[in-house]
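Take a look at the structure below.
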There are 2 protein chains.
Amino acid sequence: MSKQEASCCEPLSEGPLAEQQAAELSTMFKALGDPVRLRLLSMIASQPDGEVCVCELTPAFDLSQPTISHHLKLLRQAGLVDSERRGTWVYYRVRPETTDRMAAVLSSVSSERRVVTA
Amino acid sequence: MSKQEASCCEPLSEGPLAEQQAAELSTMFKALGDPVRLRLLSMIASQPDGEVCVCELTPAFDLSQPTISHHLKLLRQAGLVDSERRGTWVYYRVRPETTDRMAAVLSSVSSERRVVTA
DNA sequence: CTCTTGCTTCGACATCTTTCAATATTGTAG
DNA sequence: CTACAATATTGAAAGATGTCGAAGCAAGAG
């Protein structure tokens with residue numbers, strides 16, 4: 001089957017994922033690398049009208065309001081959600097471009113061919 | 001902790017992502033929340049025969065060999081890769097079940113957001 | 001057996017994360 | 001303007017993470 005025999009280490013030139021792209025993408029994955037943020041995203045995404053008020057998200061967790069606010073900030077900075085203020089309330093919605101891009105990277109990994117240069 | 005007034009907000013019972021699932025999935029996303037590990041996965045996935053020797057991965061980074069080994073361990077513990085020893089060398093390959101599952105979660109996030117014009 | 005090579009584990013340290021209480025900001029109502 | 005309600009920001013403490021050098025283990029060669 002596999003015969004990269006000979007000398008074990010030709011340094012494997014460059015993976016299809018460049019250093020800068022990896023840095024950018026890893027920020028997005030890191031944002032979902034926390035159970036609270038994953039559930040936040042899931043809650044936002046599952047709303048029928050595509051958006052949720054922070055005041056609906058906060059009481060769903062056993063965490064302080066500043067903590068939820070901080071997690072939402074990280075999701076926003078990673079490009080996963082958008083926020084809009086309407087009156088006193090702030091509404092969050094998913095940015096599907098970002099989740100789609102992440103899904104594309106993962107799919108290309110499993111199809112073991114070139115990673116999308118997105 | 002978080003006991004807000006019920007003035008504006010019905011507390012949004014449960015998102016579709018249960019607490020335990022979120023914990024499990026967040027481990028996988030966290031594993032890709034580092035540029036080194038993302039590039040490692042990408043390198044492993046992009047090999048024609050689906051597997052790479054550690055000795056090919058290590059020199060591609062400006063990091064010590066123990067550090068690469070540690071990152072590979074995290075990828076393995078997250079279920080993203082498998083390793084197999086053959087002689088002196090250890091080969092890593094992607095576990096597509098895991099990347100597929102992550103991609104499915106992300107896709108559902110973006111598709112659950114349906115446009116309601118009402 | 002001993003030596004060498006490939007890889008993993010251990011111990012330590014600096015940095016980054018998560019979390020909270022306190023405070024600030026923004027918008028609405030009186 | 002004052003008061004209040006919803007979010008965000010700040011600052012600090014506890015814990016997790018990334019990294020390295022040193023040591024350990026496994027397998028092949030002599």
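Each chain gets a letter, A, B and so on, in the order the sequences are listed, and its residues count up from 1. Excluded from the calculations below are hydrogen atoms, water molecules and symmetry mates; all remaining heavy atoms, backbone and side chain alike, are included. All figures in this text were calculated on a predicted structure; none of them were measured in a lab.
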Starting at atom [atom1] of [X], determine the distance to atom [atom2] of [N], rounded to an integer number of angstrom.
{"X": "B:H71", "N": "C:dT8", "atom1": "NE2", "atom2": "P", "result": "13 Å"}
{"X": "A:Q77", "N": "D:dT9", "atom1": "CD", "atom2": "P", "result": "9 Å"}
{"X": "B:F61", "N": "D:dT19", "atom1": "CZ", "atom2": "C1'", "result": "14 Å"}
{"X": "A:L72", "N": "D:dT9", "atom1": "CG", "atom2": "C1'", "result": "14 Å"}
{"X": "A:L40", "N": "C:dT18", "atom1": "CG", "atom2": "P", "result": "12 Å"}
{"X": "A:D34", "N": "D:dA16", "atom1": "CG", "atom2": "P", "result": "13 Å"}
{"X": "A:E84", "N": "C:dT26", "atom1": "CD", "atom2": "C1'", "result": "15 Å"}
{"X": "A:K73", "N": "C:dT18", "atom1": "NZ", "atom2": "C1'", "result": "14 Å"}

Regarding B:R37, tell me which of base, sugar-phosphate or nothing describes its non-hydrogen contacts under 4.0 Å with the strands shown. sugar-phosphate
Atom [atom1] in [X], atom [atom2] in [Y]: separation rounded to 0.5 Å?
{"X": "B:E84", "Y": "B:D82", "atom1": "CD", "atom2": "CG", "answer": "9.0 Å"}
{"X": "A:L38", "Y": "B:E24", "atom1": "CG", "atom2": "CD", "answer": "11.0 Å"}
{"X": "B:L41", "Y": "A:L106", "atom1": "CG", "atom2": "CG", "answer": "8.0 Å"}
{"X": "B:R95", "Y": "B:L75", "atom1": "CZ", "atom2": "CG", "answer": "12.0 Å"}

Cation-pi check for A:Y91 against A:R85: NZ or CZ below 6.0 Å from the six-membered ring centre and within 45 degrees of the axis, yes or no? no
Within 45 degrees of the ring normal and closer than 6.0 Å to the centroid, is that where the cationic atom of B:R76 sits relative to B:Y92?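 No - B:R76 does not lie over the ring of B:Y92 by the 6.0 Å and 45° rule.
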[N] phosphate, OP1 or OP2: any side-chain N/O from [X] under 4.0 angstrom?
{"X": "B:T88", "N": "D:dA27", "answer": "no"}
{"X": "A:Y92", "N": "D:dA8", "answer": "yes"}
{"X": "B:K30", "N": "D:dT17", "answer": "yes"}

Can you check nucleotides 20-22 of chain D for protein contacts, nitrogen or oxygen pairs under 3.5 Å, and list what you find?
residue : atom : partner : partner atom : Å
D:dC20  : OP2  : B:S64   : N            : 2.8
D:dC20  : OP2  : B:S64   : OG           : 2.9
D:dC20  : OP2  : B:T67   : OG1          : 2.6

In this structure, would A:L74 and A:V94 fall into the same cluster of hydrophobic residues linked by side-chain contacts under 4.5 Å?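 Cluster IDs for A:L74 and A:V94 differ.
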Side chain of B:R85 (C-beta onward), nearest among D:dA6, D:dA27, C:dT19: D:dA27
